[in-house]
Participant: 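Sharing a structure, written as structure tokens. Questions coming.
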2 protein chains.
Amino acid sequence: MPVNPSSRPRRKPPAQTGPAASEQVDTSGLGDFVGYAIRRAQLAVFQEFKTWMAEFEVTTAQFSVLLLVRDNPGLNQKTLAGTLGVETPRMVLIVDYLENRGLVTRLASTVDRRARAIFLTAPGRKLLRQLDRRSAEYERRIVERLRGDDKETLMRMLRHLAEPV
Amino acid sequence: MPVNPSSRPRRKPPAQTGPAASEQVDTSGLGDFVGYAIRRAQLAVFQEFKTWMAEFEVTTAQFSVLLLVRDNPGLNQKTLAGTLGVETPRMVLIVDYLENRGLVTRLASTVDRRARAIFLTAPGRKLLRQLDRRSAEYERRIVERLRGDDKETLMRMLRHLAEPV
DNA sequence: TATTGTTATACTCTATAACTATA
DNA sequence: TATAGTTATAGAGTATAACAATA
């Protein structure tokens, strides 16, 4: 127990100079912004997804590239980058990593010799089948978290917000 | 017009070795994930918010700190960091920036001399009033983008997703 | 002259470790 | 012994500029 060194009764410090009680912070000003709620949800979902997929050592960006390459075999890095909204120098590094792991190959395009056509390798296809199963389980977890609300409603609203203005 | 150097009729390259047509990429595998839709919405909203607030030269993180400091005068950096989900070393730099701009002050806490109690300055309060008006306009734009759907439904779903598991 | 892929660079953000001054 | 703030550092991610090969 703290002892007051003076004989005067201990007073609460002036509100102006003490820290706020850390367990009861007023976040109402912030919490009503859609942008803030989206950001917090995105951080939570990505963090949980990372843990959920940890055994495969694949980031969300890498997973996205693998999916797009499977569904669009032979597409080039510029298209990949544009579709995912990352810069091409970043995409070079992502594809470098996937190629070093033997999951994709870069072939010379027969159409445009500047371009590199990206394909899944056999190990890439095998890994992606595992990623598909595991990520589908995660998606079911997410939908459970929406209890009472409809995933399609959420997706529609998010797509509206993501549309270019 | 390209000229085929051989006399044979030009054939389309085999599907396996050409790039996908860049304007018709199949994103259905990715587009059905809630996590992907959240990420795209977050990037779009933050990018637009940044443009919208450009004249004030304040990032979303700095704006969040200013709001929390206004609503919780005297709170310390650890509480700020914990509330916003950033690490304390990052919060040091954010508060450094705001202090250098003269928007907040760090006072010695009268309760715990290790802690720094953060307050808005008069210029900080003045700027925040402008930020309030401008960000409220932006929030109305966001709600308009949801046409037909309810902001409160979206907020409820996002908060469910942001809850710790 | 424009474009794809690439390298290089700078800046931001995330994540730790370690140090200081206090508790 | 533990905690708040700080410094330092390493790793992602973002954003540009510039260059080679090719269109």
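Throughout, protein chains are lettered first and strands after them, A, B, ... in sequence-line order, and every chain is numbered starting at 1. These numbers come from the heavy atoms of this one structure, side chains and all, not from hydrogens, waters or symmetry mates.
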Participant: Would you tell me whether B:Arg101 and B:Gln62 have side-chain atoms, one donor and one acceptor, within less than 3.5 Å of each other?
Facilitator: no
Participant: Go nucleotide by nucleotide along DNA chain C from the 5' end; which of A:Arg116 and A:Leu43 gets its closest nucleotide reached first?
Facilitator: A:Arg116
Participant: Nearest whole Å is fine: how far is D:dA15 P from B:Gln47 CD?
Facilitator: 7 Å
Participant: Ignoring hydrogens and angles, tell me if any N or O in the side chain of A:Trp52 forms a donor-acceptor pair with the backbone of A:Arg134 under 3.5 Å.
Facilitator: yes
Participant: If I take atom CG in residue A:Leu84 and atom P in nucleotide D:dG13, what distance separates them, rounded to the nearest angstrom?
Facilitator: 13 Å
Participant: From C-beta outward on A:Ala115, which listed nucleotide comes closest to its side chain: D:dT14, C:dG5, D:dT6?
Facilitator: C:dG5
Participant: Just how far, in rounded Å, is C1' of D:dT22 from CG of A:Asn76?
Facilitator: 14 Å
Participant: Could you state the atom-to-atom distance from CG of B:Leu80 to P of D:dA4 in whole Å?
Facilitator: 13 Å
Participant: For nucleotides 21-23 of chain C, print each protein N/O atom paired with a nucleotide N/O atom at under 3.5 Å, atom names and distance only.
Facilitator:
residue, atom, partner, partner atom, Å
C:dA23, OP1, B:Arg113, N, 3.2

Participant: What parts of residues 89-99 of chain B reach DNA chain C, counting only heavy atoms under 4.0 Å away?
Facilitator: B:Pro89, B:Arg90
Participant: If you define the side chain from C-beta out and look only at heavy atoms, does anything of A:Leu30 sit under 4.5 Å from B:Leu84?
Facilitator: yes
Participant: Taking A:Arg70 first and then A:Asp132, would you say they form a salt bridge - that is, a charged N and a carboxylate O separated by under 4.0 Å?
Facilitator: yes
Participant: Do A:Leu146 and A:Val34 land in one hydrophobic cluster if side-chain heavy atoms of ILVMFWY residues count as linked below 4.5 Å?
Facilitator: yes
Participant: Which side-chain hydrogen bond (donor to acceptor under 3.5 Å, both in side chains) pairs, counting each pair once, include a residue from residues 145-164 of chain B, with sequence neighbours left out?
Facilitator: A:Asp149-B:Arg156, A:Arg156-B:Asp149, B:Glu48-B:Arg145, B:Glu139-B:Lys151, B:Asp150-B:Thr153
Participant: Taking atom P of D:dA8 as reference, at what distance in whole Å does atom CD of B:Glu87 sit?
Facilitator: 19 Å
Participant: Could you walk me through whether B:Phe63 and A:Phe33 pass ring pair (Phe, Tyr, Trp, His ring centres under 6.0 Å), step by step?
Facilitator: CA-CA 12 Å; B:Phe63 177 48; A:Phe33 283 106; 5.8 Å; yes
